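Data first, discussion second: the structure below is written as structure tokens.
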Protein chains: 2
Amino acid sequence: MPDTPEPLDAVQLGAYFALMEVAGLLRHAVEQQLREAGDLSYVQFQLLARLGLDSPTGRERMTDLADGVVYSRSGLTYQAGLLEKAGLVTRTPSADDERGVTVAITDAGRALLAKVLPGHTEVLRHQLFAPLSRRDTEALAELLSPVRDHMRSAPPRSAAPRRRR
Amino acid sequence: MPDTPEPLDAVQLGAYFALMEVAGLLRHAVEQQLREAGDLSYVQFQLLARLGLDSPTGRERMTDLADGVVYSRSGLTYQAGLLEKAGLVTRTPSADDERGVTVAITDAGRALLAKVLPGHTEVLRHQLFAPLSRRDTEALAELLSPVRDHMRSAPPRSAAPRRRR
DNA sequence: TATTGTTATACTCTATAACTATA
DNA sequence: TATAGTTATAGAGTATAACAATA
């Protein structure tokens, strides 16, 4: 058995537990709103938001979507299938690479996103931002961004060794 | 249809997405470690940690456990059943309230916790704390603690109206 | 009558491995 | 040979509602 490494101190433990609890409670609240307002899971919302808000063209390849949403390949196939069945996205073979599949958000997908967003915003305002000042929010974003970048670069991600586009 | 509320600004969206992504990736990494080191899910680890680390006596009532871990009652019953089957906790009728059930961590439970903790710590150090200075960590804890308290007090919690002990 | 906890049940999500097709 | 994506399948987790027992 290896020697016990330096254990975490109280401040670190506090930050860790607070982070996980806040994110867990927030996700719970948000998921409820998404389910009621649009019958969407959080992951499905993430996929729609990525296509409808982040991506300028509204279309992305499966692999690139997976890199953002953290998934096994099969999990993404499953969710994309659900979204397609609901008419919120389409899946077509990629133009340049015959192996690839391009997922595109539909008008119905954009409409649902728009329908769901105001309530989503309200939940965030009440649950997350209410106790945070403007500067707090800025500080939080500035603290977490480097962590996110760090984690993205050392991916315990979806499946096997993956590669950026 | 109600008027669209003030949408979130870029800083708020950034904080929100960073929080969710960091927590999601961290949970993924941590869950993997817990599974390999002790065949535990994150929730099971939370329950053991609450009993073995937080609680001075190592015993708590089901309801109080649920209040901390965010669950449906039945979900907690399910998880407690798994832990009991594995010999990590015991469940006995509460002394004062015949309706209640007291969950207590066993020696085996404490041993497993001790076995799993060093690796857990390492994951946290590498994934979460590596890009954070000492002061960053303090700041993060101080930002998130009020949010956690706020969320706890307005519970979208487990099930029906619940009540503190 | 309200509360604690369990059970039954159904469903959603996720992961693994095997497979197809293209690069 | 490696990569993109799908399928089959199996397992874990979660939620709802009905229920029994105690307060």
Side-chain angles (χ1 to χ4, degrees), chain A residues 24-25 27-29 31-32 34-36 39-47 60-67 69-86 89-103 156-165, chain B residues 24-25 27-29 31-32 34-36 39-47 60-67 69-86 89-103 156-165:
Chain A
L25 288 171
R27 175 152 175 167
H28 196 266
E31 216 148 27
Q32 205 164 295
L34 290 171
R35 185 70 67 187
E36 284 165 12
D39 198 39
L40 288 174
S41 71
Y42 184 67
V43 172
Q44 288 157 9
F45 169 75
Q46 279 185 295
L47 292 174
E60 284 207 51
R61 287 191 46 169
M62 291 288 283
T63 294
D64 297 326
L65 276 180
D67 277 350
V69 179
V70 184
Y71 248 66
S72 63
R73 316 263 199 95
S74 64
L76 180 56
T77 296
Y78 171 72
Q79 293 293 349
L82 290 182
L83 291 175
E84 187 179 41
K85 205 180 308 175
V89 305
T90 59
R91 278 187 292 182
T92 56
S94 293
D96 48 322
D97 185 339
E98 286 283 332
R99 296 170 304 183
V101 168
T102 295
V103 183
R157 296 291 245 316
S158 42
R162 199 60 90 39
R163 188 229 36 179
R164 291 295 299 145
R165 40 179 322 164
Chain B
L25 288 171
R27 175 154 176 166
H28 196 265
E31 217 148 25
Q32 205 164 296
L34 290 171
R35 186 70 68 187
E36 285 165 11
D39 198 38
L40 288 174
S41 71
Y42 184 67
V43 172
Q44 288 157 9
F45 170 76
Q46 278 185 295
L47 292 174
E60 284 208 51
R61 286 192 48 169
M62 291 287 284
T63 294
D64 297 327
L65 276 180
D67 276 351
V69 180
V70 183
Y71 247 66
S72 61
R73 315 263 199 96
S74 64
L76 180 56
T77 296
Y78 171 73
Q79 294 293 349
L82 291 182
L83 291 176
E84 187 179 41
K85 205 180 307 175
V89 306
T90 59
R91 279 188 292 183
T92 56
S94 294
D96 48 321
D97 185 338
E98 286 283 331
R99 296 170 304 181
V101 167
T102 296
V103 183
R157 295 291 246 315
S158 41
R162 200 60 90 42
R163 190 227 36 179
R164 291 294 300 145
R165 38 181 321 167

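Chain naming here is simple, since letters A, B, ... match the order of the sequence lines and numbering starts at 1 in each. All figures in this text were calculated on a predicted structure; none of them were measured in a lab.
Atom P of nucleotide D:dA12 and atom CD of B:Gln32 are separated by 16 Å, given to the nearest angstrom. At whole-Å resolution of the value, OH in B:Tyr78 and C1' in C:dA8 are 14 Å apart. If you take CG of A:Leu76 and P of D:dT6, they are 8 Å apart, rounded to a whole angstrom. Summarising the geometry, the separation between CD on A:Gln79 and P on D:dT6 is reported as 13 Å, rounded to the nearest angstrom. Regarding A:Arg73, its CZ atom lies at a distance of 17 Å from the P atom of C:dC19, rounded to whole Å. In this structure, B:Glu36 places its CD atom 15 Å from C1' of C:dT16, rounding to the nearest Å. Note: NE2 (B:His28) to P (D:dA12) measures 16 Å, nearest angstrom. Atom P of nucleotide C:dT3 and atom CE of B:Met62 are separated by 18 Å, given to the nearest angstrom.
With contacts defined as side-chain heavy-atom distances shorter than 4.5 Å, the pair B:Thr63/B:Arg99 does not qualify. Using a 4.5 Å cut-off on side-chain heavy atoms (C-beta onward), A:Val69 and A:Leu47 make contact.
Residue B:Thr63 places no side-chain N or O under 4.0 Å from the OP1 or OP2 atom of C:dT3. Side-chain nitrogen and oxygen atoms of A:Arg91 include none within less than 4.0 Å of the OP1 or OP2 phosphate oxygen of D:dG5.
Checking C:dG5, D:dT6, D:dT16 against the side-chain heavy atoms of B:Val101 singles out C:dG5 as nearest. Considering only the side chain of B:Ser72, D:dT16 comes nearest among D:dA12, D:dT16, C:dC13.
A donor atom on one side chain and an acceptor atom on the other are not found under 3.5 Å apart for A:Thr92 and A:Thr102.
When all heavy atoms of A:Gly100 and A:Arg61 are compared, the closest pair comes out as CA-NH2, 3.6 Å. In this structure, B:Arg91 and B:Gly81 approach most closely via the heavy-atom pair NH2-CA, 3.4 Å.
Among the protein residues, A:Leu65 comes within range of no part of the nucleic acid, since none of its heavy atoms lies under 4.0 Å from any strand. The residue A:Gly75 sits apart from the nucleic acid: no heavy atom pair falls under 4.0 Å.
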Within the sub-3.5 Å range, which N or O atoms of nucleotides 19-23 of chain D have a protein N or O partner, and how far apart are they?
from	atom 1	to	atom 2	distance (Å)
D:dA23	OP1	B:Glu98	N	3.1
D:dA23	O4'	B:Arg99	NH1	3.4

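Within the model, atoms CD of B:Glu60 and OG of B:Ser94 stand 11.0 Å from one another, a figure rounded to the nearest 0.5 Å. One finds the CD atom of A:Gln46 at 11.5 Å from the CG atom of A:Leu40 (value rounded to the nearest 0.5 Å).
A donor-acceptor contact under 3.5 Å links the side chain of A:Ser74 to the base of C:dA15. A donor and an acceptor atom never sit less than 3.5 Å apart when one is taken from the side chain of B:Ser94 and the other from the base of C:dT4.
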